[in-house]
Amino acid sequence: MSNERRQKVKTGLQHPLDPLTVEEIAAACNLVAITSRSREHCRFPIVRLDEPGKEDLRLLLDGGTIPRSAFVLTLDSATGEAVEHIVDLTRGAVVQRKPLRNSMSPYGQPPIMLEDVMRCEEIVKADPGWRAAMRRRGVTEQQIKLVQVDPFSSGFFDRSFEQGRRIVRAVSYFREDIQDNGYARPIEGVVAVVDLILGKVVDLSDDDPVIPIPAKKRNYAAALNRSPRTDIKPLNIEQPEGPSFRVNGWQVEWQKWSFRVGFTPREGLVLHQLAYQDGERKRPLIHRASVTEMVVPYADPTTNHYWKSAFDAGEYGLGVLANALELGCDCLGHIHYFDIPAASCFGEPQVMKNAICMHEEDYGILWKHYEFRNGLFEVRRSRRLVISFFATVGNYDYGFYWYLYQDGTIQLEAKLTGIIQTAAVRGGEPYRWGGMVDDNLAGPTHQHFFNVRMHMDLDGGGNTVTEHEFAQRPWGADNPYGNAFDLRSRSLSRELDACSIADGRVGRYWKITNPNATNSVGNPPGYKLIVTPSPLMLAQEGSSVHRRAGFATRHVWVTAYDPAQKYASGDYPNVHAGGDGLPAYVQQNRNIANADIVVWHTFGHTHVCKPEDFPVMPVEYAGFMLKPNGFFAANPADDIPPDRNSRSVQVGLHDGIRDGHRADVADTCCRTTSE
């Protein structure tokens with residue numbers, strides 16, 4: 001490569017897993033732009049660290065070094081050509097270039113960029129057919145300026161204008177003021193298909209008869225609240241001595257936990273090298289954990305809605321759309337924020353301020369026992385570390401909260417809020433596809449599916465997954481009272497064995513173990529995957545969204561690690577015909593017993609809309625836990641001292657019980673307001 005295409009970057013003391021710096025982003029984009037056919041039309045949908053694998057990272061233990069590399073996806077906005085690049089930042093050179101046009105089959109497109117959102121509205125509002133459809137619904141030329149046009153990822157139905165094309169479908173909402181909540185007044189029956197490369201509307205739906213636009217405004221800004229509550233007293237959370245965590249760049253240590261923080265445009269928050277200090281041993285648990293995909297399919301078969309099935313990670317980017325978090329609102333307490341270096345769609349480096357929030361929370365009782373026989377009273381309060389970020393994808397807002405607990409438990413909680421998609425309903429007619437939320441306004445029933453990817457590293461080396469469920473034992477000599485029941489277990493040895501569905505009736509759960517090690521009672525050390533009640537895809541097999549979001553047809557998948565298999569829906573779900581991602585990965589049916597494995601878990605929520613969900617929906621929760629199961633020799637939180645505001649109490653046997661009642665040994669931290 002010529003010298004003019006080399007630009008070395010001082011990588012400083014970055015760890016190989018640290019996100020790209022602003023300087024590295026600028027260098028990578030410049031190097032790639034030089035090689036592009038048209039710098040003017042060169043766009044950057046994805047710029048991220050090209051992460052080294054487990055084997056590469058072991059070089060660090062031997063005193064070796066690992067080159068810093070960037071993954072850069074470019075899109076030519078004039079031709080639609082998409083190219084993947086690997087940039088060696090240490091050498092200052094583009095070392096790999098892979099055009100995608102011929103390799104994405106069937107079809108598929110880079111994610112939708114913020115520039116696409118702005119261009120879509122301009123294209124739609126300039127279209128004569130769309131403007132005529134607005135006039136048919138009583139929207140004047142002057143009012144058209146304030147109409148809200150939402151570009152929506154299009155789905156795929158094998159129509160000529162979809163095949164290999166970069167398109168979005170656009171729906172519209174009526175506003176009389178720029179601050180109005182457009183979702184209160186959807187314009188039903190008008191959908192424009194926009195080709196973002198051609199810069200024009202290539203298909204337009206304009207239903208007849210016309211459904212009137214709902215008349216009622218449902219604005220929600222604080223300034224419009226005429227009767228706010230006045231009885232909310234201050235709730236202060238103070239840590240006068242500072243937090244218990246320690247942060248060194250992207251490395252975090254807290255209560256025997258250690259991990260590295262990462263961030264990508266698609267996934268947002270990533271946790272690397274999650275480990276727990278057990279005595280003298282630092283025991284690895286998960287090499288890499290992130291939410292790689294989420295999809296929201298809608299159950300309304302009418303013009304505005306049948307195609308809606310947004311892949312919010314793969315088609316938009318949870319990291320790209322991350323919020324700037326604010327103290328006292330998104331996070332509360334003693335906060336550490338992480339600012340995230342990022343690239344605009346034009347390849348310009350920028351910093352996403354306060355994109356990740358980290359803080360500690362009190363979480364009630366960790367463990368407790370009052371021994372009335374001898375008066376010994378011990379209680380410990382639980383504390384958890386919270387690492388979180390929020391992403392706003394159009395109308396919905398999603399929070400992703402990783403929790404680490406002092407007893408070794410890991411939890412991921414997704415918080416769903418924002419504004420529901422809405423549909424206009426003709427007065428006096430029923431709405432068959434969801435729930436009414438106001439006069440002439442409905443919310444289509446839909447589902448939210450998240451998929452988390454966990455590249456396991458339990459105690460290092462190979463890991464195995466076993467599936468367990470409970471079963472009644474028949475009456476007999478070994479069950480004379482009918483009270484005995486059994487735990488049935490099976491080891492998952494191949495990928496197709498592990499495509500599993502949760503069943504609360506039999507208490508089905510999964511255990512990740514290291515068969516090469518032995519715990520204190522002679523078994524492999526393990527962690528238990530606790531799956532909460534969660535729906536699966538309800539769209540019919542053979543439907544478009546079923547083909548495209550196959551990961552949502554199972555709760556648990558286990559695959560052999562492959563660095564090319566990063567995402568539950570595949571690399572490029574945007575305008576993709578389907579069949580990619582997890583359903584395709586497992587067809588290789590590779591060995592997953594005592595192997596380098598990835599555990600994928602799908603969880604979610606089926607949402608039937610109701611009046612309480614509007615104008616802004618209260619938070620719904622979904623998620624899962626990983627709990628130690630034979631991993632430790634005893635309660636790992638047994639060494640936590642009593643809280644300074646409480647006291648360990650031991651009273652004499654006769655003092656502990658008076659007249660058959662428990663003596664008063666309440667903690668000193670339990671004070672009444674009169675004190």
Check: Only one of Arg453, His455, Glu267 forms a side-chain hydrogen bond (donor to acceptor under 3.5 Å, both in side chains) with Ser290, so which one is it?
Finding: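 With Ser290 as partner, Arg453, His455, Glu267 yield a single side-chain hydrogen bond (donor to acceptor under 3.5 Å, both in side chains), made by Glu267.
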Establish, from distance only, whether the side-chain atoms of [X] and [Y] form a donor-acceptor pair under 3.5 Å.
{"X": "Ser489", "Y": "His468", "result": "yes"}
{"X": "Trp600", "Y": "Thr559", "result": "yes"}
{"X": "Asp397", "Y": "Thr392", "result": "yes"}
{"X": "His446", "Y": "Asp300", "result": "no"}
{"X": "Gln421", "Y": "Tyr298", "result": "no"}
{"X": "His605", "Y": "Tyr621", "result": "no"}
{"X": "Lys627", "Y": "Thr409", "result": "yes"}

Do [Y] and [X] meet the salt-bridge criterion of a basic N to acidic O distance under 4.0 Å?
{"X": "Arg136", "Y": "Asp206", "answer": "yes"}
{"X": "Asp571", "Y": "Lys566", "answer": "no"}
{"X": "Arg166", "Y": "Asp116", "answer": "yes"}
{"X": "Arg288", "Y": "Glu51", "answer": "yes"}
{"X": "Arg494", "Y": "Asp497", "answer": "no"}
{"X": "Arg488", "Y": "Glu469", "answer": "no"}
{"X": "Glu115", "Y": "Arg119", "answer": "no"}

Test your reading of the model: is there a side-chain donor-acceptor pair from [X] to the backbone of [Y], 3.5 Å cut-off?
{"X": "Glu162", "Y": "Phe157", "value": "yes"}
{"X": "Glu495", "Y": "Ala560", "value": "yes"}
{"X": "Trp557", "Y": "Phe551", "value": "yes"}

At their closest point, which heavy atom of [X] faces which heavy atom of [Y], and how far apart are they?
{"X": "Tyr585", "Y": "Gly570", "answer": "OH-CA, 3.8 Å"}
{"X": "Leu496", "Y": "Asn589", "answer": "N-OD1, 2.9 Å"}
{"X": "Ala424", "Y": "Glu188", "answer": "N-OE1, 2.8 Å"}
{"X": "Val616", "Y": "Ile419", "answer": "CG2-CG1, 4.2 Å"}

Note to self: Under the rule for salt bridge (Lys or Arg N to Asp or Glu O under 4.0 Å), what residues qualify as partners of Asp195, not counting sequence neighbours?
What the structure shows: Arg165
Checklist line | Partner set under salt bridge (Lys or Arg N to Asp or Glu O under 4.0 Å) for Glu429, not counting sequence neighbours | finding: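 Salt bridge (Lys or Arg N to Asp or Glu O under 4.0 Å) check on Glu429 returns Arg426.
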Aromatic contact, [X] with [Y] (centres under 6.0 Å):
{"X": "Trp307", "Y": "Phe152", "result": "yes"}
{"X": "His601", "Y": "Phe624", "result": "yes"}
{"X": "Tyr173", "Y": "Tyr183", "result": "yes"}

Notebook entry, point to check: Do you know which of Ser153, Pro573, Pro297 makes side chain to side chain contact (heavy atoms under 4.5 Å, CB included) with Phe311?
Noted result: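 The passing option is Pro573.
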Next item on the list: Please name the residue in the list Ile592, Leu626, Ile286, Ile512 that meets the side chain to side chain contact (heavy atoms under 4.5 Å, CB included) test with Val599.
Entry: Ile512
Do [X] and [Y] make a side-chain contact, defined as non-hydrogen atoms from C-beta onward lying under 4.5 Å apart?
{"X": "Ile410", "Y": "Met625", "answer": "no"}
{"X": "Cys609", "Y": "Val437", "answer": "yes"}
{"X": "Phe603", "Y": "Asn451", "answer": "no"}
{"X": "Trp433", "Y": "Thr445", "answer": "no"}
{"X": "Met456", "Y": "His287", "answer": "no"}
{"X": "Tyr107", "Y": "His576", "answer": "no"}

Checklist line | From CA spacing to verdict: side-chain contact (heavy atoms from CB on, under 4.5 Å), His607, Ile420 | finding: CA-CA 10 Å; His607 189 178; Ile420 60 172; 3.7 Å; yes
Next item on the list: Classify the ring geometry between Phe400 and Phe389 as parallel (under 30°), tilted (30 to 60°) or perpendicular (over 60°).
Entry: parallel
